[in-house]
Participant: 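Have a look at this one before I ask anything.
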Amino acid sequence: MNANLKWKALFIAAVILICIIGLVGRPVFPPKSWSDLKSNFAQVIKLGLDLQGGTHLILQVQVQEAVSQETDQTLDHLMTQLRDKSIRYEELRKLSDTQILAHNIATDQTGPFRTLVMDQFPGWDIAPAPGEASGYLLTLNATSVANIQQQTMDQAEETIRRRIDALGLTEPLVAPYGQGDNEIIVELPGEGDPNRAKSVIQAGGQLELHLVLDTTAYPSEVAAEAAHGGVMPPNSELVQGKASAAGTSQASGESWYVVDRVPVVTGRDLRSATALRSTKNAGFYDVDFTLSTDAGRRFGPFTEQNIGKQLGIVLEHQLQTAPNINGRIDDTGVIEGRFGEQEANDLALVLRSGALPASIKYLEERTVGPSLGADSIRHGVQASVVSLVVVMIFMVFYYQLSGVNAVVALVLNLVILLAALAYFGAVLTLPGIAGVILTIGMGVDSNVLIFERIREELRAGKAPGSAVDMGFKRAFLTIIDTHVTTVVSALFLGLFGTGPVRGFAITLVIGLLANLFTSVYVSRVIFDWHLAKMPREAALSI
């Protein structure tokens, strides 16, 4: 064997060794028993939802809620600005999710009003209100609405991803879904507790701190309105809560509280949250939270101005507790909800990962049981093995000893493919197994192209060495062409597909790249080694 061929053989042996270590040599190295080998292989090859079971969800983010919230905050900010600049008006109210009506602005101050809106609220269009001499209609423009909706989708996706990742699930999928319908797909493969994961996703984490305007616990919304003469106080809203949340005497049943409409702090202002044992309620847990610097600057003056009043801690539109404000509080607080340990930990997780900018609606829910996943694995492996065996028999029968060359290249192709999945941490799905089977077909196609080219050269009277050399050279461009076009198609599937489609694309791309190495490089080295050992006058078995 010449030196060049020896180095090529050593390189192939090194590749095989690296692949074997990647498949069965980790995390226990060196493996000491057959069970270690099986355990290592099971741990490095990650299975997707369809193979190991899990939960598939499609969520729809209610982006219009974020638009409405932006209008509420603008209305509150505008009121503050008008008060600070002493601009008089009769009424300022929200007409819809994207419109605010300023009624009867003082005639000598309409100029400063328009200037204020254009300077401080660039996303809003201002126009005279229909039928009013000094009234104005503020409308959130289409560009701003689109930006808010996109930001809401991005924040919701990132928040859900952080929550799921915090649960330690294996290779979960969180990605946009559909065509502009504000949908997100969530797939939670096997590990962890899917029910707990769903509850964490469902928890909107919408923490808001409101000033309590009336500590009375009303039995219904109607009763609360009746107690205020049928008209709620300006800039107030009703929030459902626990009967004892504000320290009232009502013992049970539904309860409603009157709070300030605009929260002084929201979940987006949180910096951290931790579950701690309650110092007031033995056996229960509280959630301690810390605010951002900017929120602390708002919260300090607010609490200082409202000492002696109650601050409502509203989670998921429900009043959890309403402690008294005994002094200035800058950046820390406690949610006292008589939580269990797991409930408190989950709530802290939700708050740490960030509040959802809008609520979510479940459009589709599908659960794949572990037994169904096991059936998929068994049938997929059976299909792969049967296809591989049939191909091997055909190649050996049709191409004789050269068919053995093709068989070795095919087996090494599969080993490299699985090792690459293991090293890259890619997930093997049922469509991924289909990609493996397709890779076998592409591998055979490459070998057939090369072998037929070699046969043509032999029929033309060339010597075996020259025939092999010309066969590989002439088939090479055709092989590259077929592989490149398929890889490009698979890359588009990987870029724009989700879940199983992406799994198919990843497996196919890796398999095609491995096939180029085995069918062109490894197969050529085997031919060269065989030709070096073969007597000069002998015919090539092909």
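FYI, side chains are in, hydrogens and waters are out, and symmetry mates aren't considered; it's all heavy atoms of this structure. Just so you know, these numbers come straight off a predicted model, no measurement behind them.
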Participant: Of all heavy-atom pairs between Gly435 and Leu508, which one has the smallest distance, and what is that distance?
Facilitator: O-CD1, 4.3 Å
Participant: Would a distance-only check, ignoring hydrogens and angles, find a side-chain to backbone donor-acceptor pair under 3.5 Å from Ser86 to Leu82?
Facilitator: no
Participant: Tell me, do Gln150 and Asp154 make a side-chain contact under 4.5 Å, heavy atoms counted?
Facilitator: yes
Participant: Going by heavy atoms in the side chains, are His56 and Glu365 under 4.5 Å from each other?
Facilitator: no
Participant: Does the side chain of Gln73 pick up a donor-acceptor pair with the side chain of His77 at under 3.5 Å?
Facilitator: no
Participant: Considering non-hydrogen atoms only, spot the tightest contact between Tyr136 and Thr110 and give its length.
Facilitator: OH-CB, 3.5 Å
Participant: Drop me the distance from Leu92's CG to Asn235's CG, to the nearest 0.5 angstrom.
Facilitator: 9.5 Å
Participant: If every non-hydrogen atom of Ala505 is compared with every non-hydrogen atom of Gly494, which pair is closest and at what distance?
Facilitator: CB-N, 3.5 Å
Participant: Between Ser236 and Asp260, is there a donor-acceptor pair closer than 3.5 Å when you use the side chain of the first and the backbone of the second?
Facilitator: no
Participant: Which value, rounded to the nearest 0.5 Å, describes the distance between Leu138 atom CG and Asp125 atom CG?
Facilitator: 9.0 Å
Participant: Verify the distance criterion only: is there a donor paired with an acceptor across the side chains of Asn141 and Thr143 at less than 3.5 Å?
Facilitator: no
Participant: So, the side chain of Gln62 versus the backbone of Gln60: is there a donor-acceptor pair under 3.5 Å, distance only?
Facilitator: yes
Participant: Which heavy-atom pair separates Thr215 from Tyr257 by the least distance, and what is that distance?
Facilitator: O-CE2, 4.0 Å
Participant: Kindly indicate whether the side chain of Val265, heavy atoms from C-beta on, has any atom under 4.5 Å from the side chain of Glu208.
Facilitator: no
Participant: Run the numbers on Glu187 and Thr55 for side-chain contact (heavy atoms from CB on, under 4.5 Å), then give the verdict.
Facilitator: CA-CA 6 Å; Glu187 290 188 346; Thr55 302; over 6 Å; no
Participant: Using the test side-chain hydrogen bond (donor to acceptor under 3.5 Å, both in side chains), find all partners of Glu90 that sit at least two apart in sequence or belong to another chain.
Facilitator: Asn104
Participant: For Arg328, is the CZ atom crowded, meaning more than 12 foreign heavy atoms sit under 6.0 Å from it?
Facilitator: yes
Participant: Determine yes or no for a side-chain-to-main-chain donor-acceptor pair under 3.5 angstrom, with Thr303 supplying the side chain and Ile329 the backbone.
Facilitator: yes
Participant: Checking Glu65 against Ser359: is there a side-chain donor and acceptor pair closer than 3.5 Å?
Facilitator: yes
Participant: Looking at Thr332 and Phe299, what are the two nearest heavy atoms and their distance?
Facilitator: O-CE2, 4.5 Å
Participant: Please identify each residue that fulfils side chain to side chain contact (heavy atoms under 4.5 Å, CB included) with Ala344, with sequence neighbours left out.
Facilitator: Ala275, Tyr285, Val287, Phe339
Participant: Side chains of Ile160 and Val186: does their closest heavy-atom pair fall under 4.5 Å?
Facilitator: yes
Participant: Determine the minimum heavy-atom distance between Ala175 and Glu157, stating which atoms define it.
Facilitator: CA-OE2, 4.0 Å
Participant: Report yes or no: does Asp181 contribute a side-chain atom to a donor-acceptor pair with the main-chain N or O of Glu183 at less than 3.5 Å?
Facilitator: no
Participant: What distance separates Gln64 CD from Gln149 CD, expressed to the nearest 0.5 Å?
Facilitator: 6.0 Å
Participant: Before giving the answer on side-chain contact (heavy atoms from CB on, under 4.5 Å), spell out for His103 and Arg93 the whole-Å C-alpha distance, their side-chain angles and the decisive distance to 0.1 Å.
Facilitator: CA-CA 8 Å; His103 184 54; Arg93 61 186 172 90; over 6 Å; no
Participant: Checking Thr152 side chain against Ile148 main chain: does a donor-acceptor pair fall under 3.5 Å?
Facilitator: yes
Participant: Taking NZ, NE, NH1 and NH2 as the nitrogens, is one of them in Arg298 or Asp330 under 4.0 Å from a carboxylate oxygen of the other?
Facilitator: no
Participant: Roughly how far, to the nearest 0.5 Å, is CG of Leu363 from CG of Asn182?
Facilitator: 10.5 Å
Participant: Atom CD1 in Ile325, atom CZ in Phe302: separation rounded to 0.5 Å?
Facilitator: 5.0 Å
Participant: Show your reasoning for whether salt bridge (charged side-chain N to carboxylate O under 4.0 Å, His left out) applies to Arg88 and Asp108.
Facilitator: CA-CA 10 Å; Arg88 301 183 303 279; Asp108 59 332; 3.4 Å; yes
Participant: Are Val436 and Leu417 side-chain neighbours, meaning at least one heavy-atom pair lies under 4.5 Å?
Facilitator: yes
Participant: Answer yes if the side chains of Ser278 and Asp286 hold a donor-acceptor pair under 3.5 Å, and no otherwise.
Facilitator: yes
Participant: Taking Gln99 for the side chain and Leu140 for the main chain, is one N or O donor matched with an acceptor at less than 3.5 Å?
Facilitator: no
Participant: What I want to check is whether the side chains of Asn147 and Gln151 have a donor and an acceptor closer together than 3.5 Å.
Facilitator: no
Participant: Within the structure provided, determine whether Phe424 and Ile510 are in side-chain contact (heavy-atom separation under 4.5 Å).
Facilitator: yes
Participant: Would you say the side chain of Val258 lies within less than 4.5 Å of the side chain of Leu238, judging by non-hydrogen atoms?
Facilitator: yes
Participant: Given 3.5 Å as the limit, does a donor-acceptor pair link the side chain of Thr98 with the main chain of Thr139, or not?
Facilitator: no
Participant: Can you tell me how far the NZ atom of Lys94 sits from the OG1 atom of Thr74, to the nearest 0.5 Å?
Facilitator: 10.0 Å
Participant: Please determine whether side-chain contact (heavy atoms from CB on, under 4.5 Å) holds for the pair Tyr89 and Arg83, giving the CA-CA distance in whole Å, both sets of side-chain angles, and the decisive distance to 0.1 Å.
Facilitator: CA-CA 10 Å; Tyr89 61 93; Arg83 182 174 61 249; over 6 Å; no
Participant: Going through the distances and angles, do Val212 and Leu311 end up as a side-chain contact (heavy atoms from CB on, under 4.5 Å)?
Facilitator: CA-CA 6 Å; Val212 177; Leu311 182 67; over 6 Å; no
Participant: Does any non-hydrogen side-chain atom of His210 lie less than 4.5 Å from one of Val264?
Facilitator: no
